[in-house]
Structure formats: C-alpha cells, structure tokens
Peer 1: 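Right, I'll just put the structure down here and ask away after.
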Amino acid sequence: MDLISGENHHVRYDPTRSLVAISGILRLNGMSEYEPIAAVLRQALAQNEILTIDLTELEFLNSSGIAMLSKFVIEARAHEGGSLTVLGSTAVAWQGKSLVNLKRLLPTLKLDFQ
C-alpha cells in the first residue's frame, strides 16, 4: 500500500509484514517536508513489536532525510522490547557510509545489507 508518493519516491507501509519500504530519490527540503514520512515510521513502530525498514531501493537521501531517519532511530530507543531492522543495499554507495551510523544511535539496531 502506497502511503506517500512523490515525483521520484514512494513510501509503503505493509502492516501484515511489519515493513516500511522507502524507494526512489528523496530530496525534500528540510525536516518539515520529511514529517509525513517520519509520521509513517512512528505509526509503524507503535503498531509493531518488530519493524523492518527497507531502504534497498532508495537511491538517494539528502542530509535532511538522513537527519529525519536518525531522529526516528533515536525515538525508537524508547520502544522497549521492540526490534528494529534496517535493510540496505551494497549497490547504493551512500547507504554503506550513512546507515552504519544508525547503529551508534541504537546499538540493538539490526543492519542488513543485501
């Protein structure tokens, strides 16, 4: 189910699979434009004990998007007993550099590169 679609990106939340998939190219301006995506992530986290965020098809995420994702991971620390997994792609250069920093914010985060 597409919850958010833009010119070059899609955000899908599948509650039956406890999965949020973000794909395409995200170049939104500032944290306020990323708020709808952050809201989907917060909703998914609230509804699922175990949540997976699939970024394998996210080709680009600007610094505001990385900040939004980092803020979400910090918020996820308060979700006691839950489990958060982020799926990344070894084929997308920025992911290898940026996603590993999320583990510093949430040491229990599972990071899986495919």
Peer 1: Quick check on side chain to side chain contact (heavy atoms under 4.5 Å, CB included): which of Ile74, Val86, Leu84 does Leu106 satisfy it with?
Peer 2: Leu84
Peer 1: Counting N and O atoms only, with roles assigned by atom type, does the side chain of Ser23 sit under 3.5 Å from a partner on the main chain of Glu57, one being a donor and the other an acceptor?
Peer 2: no
Peer 1: Taking a hydrophobic cluster as the set of Ile, Leu, Val, Met, Phe, Trp and Tyr residues connected by side-chain heavy atoms closer than 4.5 Å, whether directly or through intermediates, do Ile53 and Leu109 fall within one such cluster?
Peer 2: yes
Peer 1: Side-chain heavy atoms under 4.5 angstrom apart, residues restricted to Ile, Leu, Val, Met, Phe, Trp, Tyr: same cluster for Val100 and Leu55?
Peer 2: yes
Peer 1: Side-chain contact test, heavy atoms from C-beta onward, threshold under 4.5 Å: evaluate it for Glu75 versus Lys71 and give yes or no.
Peer 2: yes
Peer 1: With a 4.5 Å cut-off on side-chain heavy atoms, are Val92 and Phe60 touching?
Peer 2: no
Peer 1: Any non-hydrogen side-chain atom of Ile22 less than 4.5 Å from a side-chain atom of Ile4?
Peer 2: no
Peer 1: Taking atom types as modelled and ignoring hydrogens, do the side chains of Ser5 and His10 form a donor-acceptor contact shorter than 3.5 angstrom?
Peer 2: yes
Peer 1: Should we count CD of Glu33 as having more than 12 external heavy atoms under 6.0 Å?
Peer 2: yes
Peer 1: Taking all atoms of both residues into account, what is the closest heavy-atom pair of Trp94 and Leu58, and its distance?
Peer 2: NE1-O, 3.3 Å
Peer 1: If we only count heavy atoms from C-beta on, is the Arg12 to Val20 side-chain gap below 4.5 Å?
Peer 2: no
Peer 1: Is there a path of hydrophobic side-chain contacts, each under 4.5 Å between heavy atoms of I/L/V/M/F/W/Y residues, joining Leu45 to Leu87?
Peer 2: no
Peer 1: How many angstroms lie between CG in Asp54 and CG in Asp112, if you round to the nearest 0.5 Å?
Peer 2: 9.5 Å
Peer 1: Test side chain to side chain contact (heavy atoms under 4.5 Å, CB included) on Leu102 and Ser70; report intermediate values, then the result.
Peer 2: CA-CA 6 Å; Leu102 298 178; Ser70 297; 3.8 Å; yes
Peer 1: Just checking, is any N or O donor in the side chain of Asn62 or Ser64 under 3.5 Å from an acceptor N or O on the other one?
Peer 2: no
Peer 1: Give a yes/no verdict on a cation-pi contact between Arg42 and Phe72, requiring under 6.0 Å between NZ or CZ and the six-membered ring centre and an angle within 45° of the axis.
Peer 2: no
Peer 1: For Ile25, does the CD1 atom sit with more than 12 other heavy atoms under 6.0 Å from it, leaving out its own atoms?
Peer 2: yes
Peer 1: Are any side-chain N or O atoms of Gln95 and backbone N or O atoms of Ser89, one a donor and one an acceptor, separated by less than 3.5 Å?
Peer 2: yes
Peer 1: Heavy-atom count around Lys110 NZ within 6.0 Å, excluding the residue itself: above 12?
Peer 2: no
Peer 1: Looking only at heavy atoms, what is the nearest atom pair of Lys103 and Leu111, with distance?
Peer 2: CD-CB, 4.2 Å
Peer 1: Sub-3.5 Å donor-acceptor pair from the side chain of Tyr34 to the main-chain atoms of Leu26, do we have one?
Peer 2: yes
Peer 1: Do Tyr13 and Gln47 make a side-chain contact, defined as non-hydrogen atoms from C-beta onward lying under 4.5 Å apart?
Peer 2: yes
Peer 1: What pair of heavy atoms forms the shortest contact from Ala44 to Leu51, and how long is it?
Peer 2: CB-CD1, 3.8 Å
Peer 1: Looking at Ser98 and Ile66, what are the two nearest heavy atoms and their distance?
Peer 2: OG-CD1, 3.7 Å
Peer 1: Indicate, with yes or no, if Ile50 and Leu41 share a hydrophobic cluster defined by side-chain heavy-atom contacts under 4.5 Å among Ile, Leu, Val, Met, Phe, Trp and Tyr.
Peer 2: no
Peer 1: If hydrophobic clusters are built from ILVMFWY residues whose side chains come within less than 4.5 Å, do Leu61 and Leu105 share one?
Peer 2: yes
Peer 1: Using a cut-off of 6.0 Å, state whether more than 12 heavy atoms not belonging to Glu7 lie near its atom CD.
Peer 2: no
Peer 1: Hey, what do you get for CE (Met31) to OG (Ser63), rounding to the nearest 0.5 Å?
Peer 2: 10.0 Å
